[in-house]
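One structure below.
By convention in this document, chain letters (A, B, ...) are assigned in the order of the sequence lines, proteins followed by strands, and residues within each chain are numbered from 1. Just so we're clear, the structure is a prediction, and the values are computed from it rather than from any experiment.
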There are 2 protein chains.
Amino acid sequence: MGRHREFDVEKALDAALCVFWRKGYEGASYADLTKATGVERPALYSAFGNKEALFRKVLVRYYERYVDYLPAALQLPTAREVAAHALQGAIDLTTRYPEHTGCLAIQGVLAGSDEAEPVRQALIEARAEGEAQLRERFERAKAEGDLPETARPDALAAFLLAVLHGMAVQAKAGFSRDVLAAVAEQALSTWPAKA
Amino acid sequence: MGRHREFDVEKALDAALCVFWRKGYEGASYADLTKATGVERPALYSAFGNKEALFRKVLVRYYERYVDYLPAALQLPTAREVAAHALQGAIDLTTRYPEHTGCLAIQGVLAGSDEAEPVRQALIEARAEGEAQLRERFERAKAEGDLPETARPDALAAFLLAVLHGMAVQAKAGFSRDVLAAVAEQALSTWPAKA
DNA sequence: GAGGTTTAATAACGATCATTATGAAAAGGA
DNA sequence: TCCTTTTCATAATGATCGTTATTAAACCTC
C-alpha cells in the first residue's frame with residue numbers, strides 16, 4: 001500500500017553516477033544531483049539515504065557496470081594478456097565519455113576535506129581489493145610457469161595499477177586515446193617474458 | 001610609512017602550502033588556512049589576494065622547492081638516468097611527509113566543482129610543461145644516440161609521467177616507499193637500451 | 001468510498017563557504 | 001604632536017552546503 005514511486009531508481013542512480021564521475025564526491029552538490037536526476041532532494045534521501053550512502057551505491061554500480069573489464073581480464077590465460085586487457089579496458093573507460101573522463105573511483109581518493117575521509121577510505125579499500133586480485137593472478141601465473149621465477153607478483157600488480165592510475169589522471173587532463181595507447185604499449189614492453 | 005606587517009609572508013606561504021597539499025584546493029577552507037598560518041582572513045586577502053591567487057602562489061613555490069628534482073634530472077647525461085632520478089625524486093617527495101602524502105599538483109587536477117575549473121586548467125598546463133620538457137630531453141637523447149632509433153620520445157615522456165602520477169595516487173592511498181620503489185624498478189626494467 | 005500509508009514538493013533548517021566593510025592599533029614624516 | 005598610511009582583528013555579508021519538517025497528493029486495503 002502507499003503511493004508509488006514516480007521516478008526510476010535505476011535511472012536516477014545512473015544520473016548520479018555521471019555527476020559523481022564528473023565532479024567527484026565533494027564537488028557534486030545536491031543541486032547538481034537533483035538537476036541531473038530530475039528528483040527532488042527529499043526523494044533522494046528517502047530512496048538512497050544521505051550523500052555518502054548514495055555515493056557508495058553509485059560506487060558499487062560503477063564497479064559492476066564500468067570496471068567489468070577487470071574480472072574479465074583476470075580470466076585470460078596468460079599474465080601478459082591480463083595486463084594488456086586491463087590496460088585496454090582502462091583506456092576505453094577513461095576516454096569513452098567526453099563529458100566525464102578519467103575514473104570515478106580515483107577522483108575521490110585524492111583531495112577532499114575531513115568529512116570526505118570515510119569515502120576516501122572506502123575507495124582505498126576498493127583499490128586494494130583490485131590490487132590483491134591482480135597479485136593473486138600473477139602468483140598463479142608464476143606457479144603455472146607463465147611468468148619467470150624471478151618475477152615479483154606484488155611488484156607487477158603494484159606497477160600495473162600505477163600505470164592504470166596514471167592513465168586515469170592523464171585522461172582527466174585531456175590526453176587522447178592514442179597517447180594513452182602508447183603509454184600502455186610502453187608499459188607492456190617491460191613485461192617479464194616467459195622463462 | 002604605515003604599519004609594519006606582523007607575520008612572516010614566507011612562513012605563511014609554507015603553512016598554506018601544507019594545507020593545500022593535505023586537503024587539495026577545494027578541500028582547504030579559510031578556517032584551515034587561518035589556523036595553519038596564524039594569520040586572520042583579511043590579512044591573507046590583502047597579502048595574497050583571493051583563494052585562487054593564493055593557491056597559484058603556493059603552486060609556484062611547490063614547483064620551486066619540492067619538484068626541483070625534475071630540472072635536476074633533466075641535466076643528467078643519459079635518458080635512463082633522467083627517468084631513474086625523476087622516479088626516485090617522486091618517491092621521496094610523495095612519502096617524505098606523513099602528514100601530506102602524494103603530490104600537491106595532482107590532488108587538484110582531479111575532481112572539483114565548477115568554480116575550481118581555472119585552477120584545474122592551471123595544473124593541467126603545469127603538467128603539460130613538465131611533459132614537454134621530458135619529451136624534448138628524450139628527443140635530444142635520441143639525437144645523441146643515447147636512445148635507439150626506434151624509441152618514441154613522446155611515448156616515453158607520457159609513460160614516465162603516467163608512472164609518476166600513478167605513484168602519487170598510490171602514495172596518497174598509503175603505499176609504502178618500498179612498494180613504490182618496486183614500481184619504479186619495474187618501470188625502468190626495460191627502458192630502451194642504447195642501440 | 002473511508003482510513004491508513006507511502007511518496008512528492010515546498011521551504012526552511014543551522015552550518016560553513018569565500019569575501020569584505022568597519023574601525024582600532026601601529027608606524028613614519030612633518 | 002598631529003597626520004597620513006598601512007595593517008590589524010572583529011564581525012558581518014550573501015551564497016551555498018547537506019539535511020529535514022511540513023504539508024499536499026496518490027495509492028492500496030478494507
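Taking atom CZ of residue F7(B) and atom P of nucleotide dA25(C), one finds them 20 Å apart after rounding to whole Å. The distance from atom NZ of K23(B) to atom C1' of dT16(C) is 13 Å, rounded to the nearest whole Å. Distance CG (D32(B)) to P (dC17(C)): 7 Å, rounded to an integer number of Å. Distance, E52(A) CD to dC17(D) C1': 16 Å, rounded to whole Å. Regarding Y30(A), its OH atom lies at a distance of 16 Å from the P atom of dA9(C), rounded to whole Å. Atom CZ in R5(B) sits about 17 Å away from atom C1' in dG28(C), given to the nearest Å. One atom, CZ of F48(B), and another, C1' of dT7(D), lie 14 Å apart when rounded to the nearest Å. Look at CD on E26(B): it is 20 Å from P on dA15(D), rounded to the nearest Å.
Under a 4.0 Å N-O distance rule, the pair R140(A)/E136(A) does not qualify as a salt bridge. The pair R120(A)-E117(A) meets the salt-bridge criterion, since a charged nitrogen lies less than 4.0 angstrom from a carboxylate oxygen. Between R61(B) and E10(B) there is a salt bridge, since a side-chain N of the basic residue sits under 4.0 Å from a carboxylate O of the acidic one. Between D146(A) and R80(A) there is no salt bridge, since no side-chain nitrogen of the basic residue lies less than 4.0 Å from a carboxylate oxygen of the acidic one.
Judged by distance alone, the side chains of E125(A) and Q121(A) never bring a donor and an acceptor atom under 3.5 Å apart.
Of the possible polar contacts, none joining the Y25(A) side chain to the F55(A) backbone as a donor-acceptor pair under 3.5 Å is found.
The CG atom of L54(A) lies 11.0 Å from the CG atom of L59(A); values are rounded to the nearest 0.5 Å.
Look at S29(A) and you'll find a side-chain N or O under 4.0 angstrom from OP1 or OP2 of dC17(D).
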Per-nt protein contacts along nucleotides 20-30 of chain D (heavy atom under 4.0 Å; B base, S backbone sugar-phosphate only, - none) come out as BB---BBBS--
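When distances are taken from the side chain of E40(B) to each of dT10(D), dT19(C), dG18(D), the shortest belongs to dT10(D). Across dT7(C), dA18(C), dT19(D), the shortest atom-to-atom separation from the side chain of K51(A) is found for dT19(D).
Nucleic acid contact class of A28(B) (heavy atoms, under 4.0 Å, all strands): sugar-phosphate only.
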